[in-house]
Amino acid sequence: DSAAGTITDGEQVVMVSKSGNNLTVGIVDTHRADGVLDLSKPVASGETITTIPDGWSGNTGVRPWLKGLILPETITYIGGSAFHSCSLLEHITPFVPHAVTTFGGAAVEYCYVLEDDLEIGFATNALGETIPTTIGDGWGLYQTYKVFSAKFGPGVSSIPANFFPYSNLKNVDFGCNLTTLNREVPYDANRGMLTNAVIRCTNTVTFAANVFKNQTKLKEITWYGWY
């Protein structure tokens, strides 16, 4: 009953707040025994889940049990620190929904066992035109040791300086509208894991100094045009 501030499938009970036909996820009152939260099911009253708010994991008490999260493709906003310190979280499906236009800083920081490939920047409007995607400042993939691939779509024009630290990325794919990459990929303790980089940019790109510094396993950098 979204009008009363909850949604349920008989097994899960999730608090929500409502703005028009859009729902923001809140506290999980009842969760499945397997630790998987499934938000992908249609809401009977017709609203859509669009927002995982800033600080969601810290404000709702999901960190001790959340092992998997299934998101609807209607999600447009994933807030800063949304899944911060979810140390048991293995899967976010999809990671991330293509409709997402805001991915907050430190959204998956300290998600040590998260093992999905990141895809971000693929939102489009009804005409199929690209919608810009904002990636917030903060420790983006910090200590997400099992995220091995990151693909940035045409909606991403800038990647913050602290997006890649202490990650084990092996493959990166930068979209056609990237204009700024503000730091090495990746950097700090786990430099040297990267094996493949694809750069699809046809415009002028400003890269940080030493953007692929110490990537001793890097076999190929491919630079070409449009998605």
Side-chain angles (χ1 to χ4, degrees), residues 1-120 123 131 133-147 160 162-163:
D1 184 0
S2 61
T6 61
I7 55 175
T8 182
D9 61 0
E11 190 175 21
Q12 309 171 123
V13 179
V14 182
M15 302 291 291
V16 293
S17 57
K18 183 177 178 180
S19 177
N21 286 322
N22 299 325
L23 301 179
T24 295
V25 179
I27 293 171
V28 181
D29 279 348
T30 305
H31 63 83
R32 289 169 23 178
D34 63 1
V36 175
L37 179 62
D38 186 355
L39 299 174
S40 68
K41 299 175 182 179
V43 179
S45 50
E47 295 94 347
T48 56
I49 297 173
T50 60
T51 301
I52 308 294
D54 296 349
W56 178 72
S57 65
N59 295 330
T60 59
V62 300
R63 290 173 178 168
W65 59 264
L66 187 64
K67 296 181 180 180
L69 183 63
I70 304 173
L71 296 175
E73 286 290 354
T74 53
I75 294 285
T76 60
Y77 184 95
I78 294 176
S81 299
F83 310 122
H84 190 287
S85 297
C86 287
S87 59
L88 301 179
L89 182 59
E90 297 177 352
H91 296 288
I92 301 173
T93 307
F95 184 47
V96 298
H98 279 185
V100 167
T101 55
T102 298
F103 187 76
V108 292
E109 183 178 358
Y110 298 125
C111 291
Y112 304 114
V113 296
L114 181 65
E115 55 184 61
D116 298 303
D117 294 339
L118 172 69
E119 289 193 5
I120 187 169
I131 300 174
T133 299
T134 300
I135 299 176
D137 289 333
W139 301 94
L141 295 179
Y142 188 77
Q143 295 192 13
T144 53
Y145 294 130
K146 294 187 176 183
V147 176
N162 290 325
F163 192 78

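All of these numbers come straight from a predicted model, not from anything done at the bench.
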Using only atom types and a distance under 3.5 Å, with no angle test, would you say the side chain of Trp56 pairs donor to acceptor with the backbone of Gly26?
yes
Measure the spacing between CD1 of Ile7 and CD of Gln12 and express it to the nearest 0.5 Å.
8.5 Å
Output side-chain donor-acceptor pairs under 3.5 Å for residues 75-89, partner residues at least two apart or in another chain, one line each.
from, atom 1, to, atom 2, distance (Å)
Thr76, OG1, Thr50, O, 3.4
Tyr77, OH, Asp54, OD1, 2.8
His84, NE2, Glu109, OE1, 3.3

Taking only residues two or more places apart in sequence or in another chain, which ones pass side chain to side chain contact (heavy atoms under 4.5 Å, CB included) with Asp29?
Val13, Met15, Ile27
Working to the nearest 0.5 angstrom, can you tell me the gap between Leu23 CG and Thr48 OG1?
6.5 Å
Apply side chain to side chain donor-acceptor pair (under 3.5 Å) to Thr74 and list each qualifying residue two or more places apart in sequence or on a separate chain.
none
Side chains of Ile92 and Leu114, heavy atoms from C-beta outward: is any pair under 4.5 Å?
yes
Test Ile52 against Leu71 for side chain to side chain contact (heavy atoms under 4.5 Å, CB included), laying out the working first.
CA-CA 10 Å; Ile52 308 294; Leu71 296 175; 4.2 Å; yes
State which residues pass salt bridge (Lys or Arg N to Asp or Glu O under 4.0 Å) with Lys41; sequence neighbours excluded, sorted by chain then number.
Asp9
Provide the closest heavy-atom pair for Ser57 versus Arg63 in the form atom of the first, atom of the second, distance.
OG-NE, 3.3 Å
Results of side chain to side chain donor-acceptor pair (under 3.5 Å) for His98 - residues two or more places apart only
Glu119
Going by side chain to side chain contact (heavy atoms under 4.5 Å, CB included), Phe95 matches just one of Val108, Leu69, Asp117. Which one?
Val108
CD1-CG distance between Ile49 and Asn21, expressed to the nearest 0.5 angstrom:
13.0 Å
Anything under 3.5 Å between a donor and an acceptor, one on a side chain of residues 33-40, the other on a protein residue two or more places apart or in another chain? List them.
from, atom 1, to, atom 2, distance (Å)
Asp34, OD1, Arg32, NE, 3.2
Asp34, OD1, Val36, N, 3.0
Asp34, OD2, Arg32, NH2, 2.8
Asp38, OD1, Ser40, N, 2.9
Asp38, OD1, Ser40, OG, 2.6

Stepwise side chain to side chain contact (heavy atoms under 4.5 Å, CB included) test for Val14 and Val25:
CA-CA 7 Å; Val14 182; Val25 179; 3.8 Å; yes
Heavy atoms, side chains only, cut-off 4.5 Å: are Trp65 and Val28 in contact?
yes
Could you tell me whether a side-chain N or O of Thr8 sits under 3.5 Å from a main-chain N or O of Gly10, the two making a donor and an acceptor?
yes
Once side chain to side chain donor-acceptor pair (under 3.5 Å) is applied, do any residues pair with Glu90, and if so which ones, sequence neighbours excluded?
none
Ile135 and Ile120, any side-chain heavy atoms less than 4.5 Å apart:
yes
In Å, rounded to the nearest 0.5 Å, how long is the span from OH of Tyr112 to CD of Gln143?
5.0 Å
Phe103 vs Thr134, side chain to side chain contact (heavy atoms under 4.5 Å, CB included): CA-CA, chis, key distance, verdict:
CA-CA 6 Å; Phe103 187 76; Thr134 300; over 6 Å; no
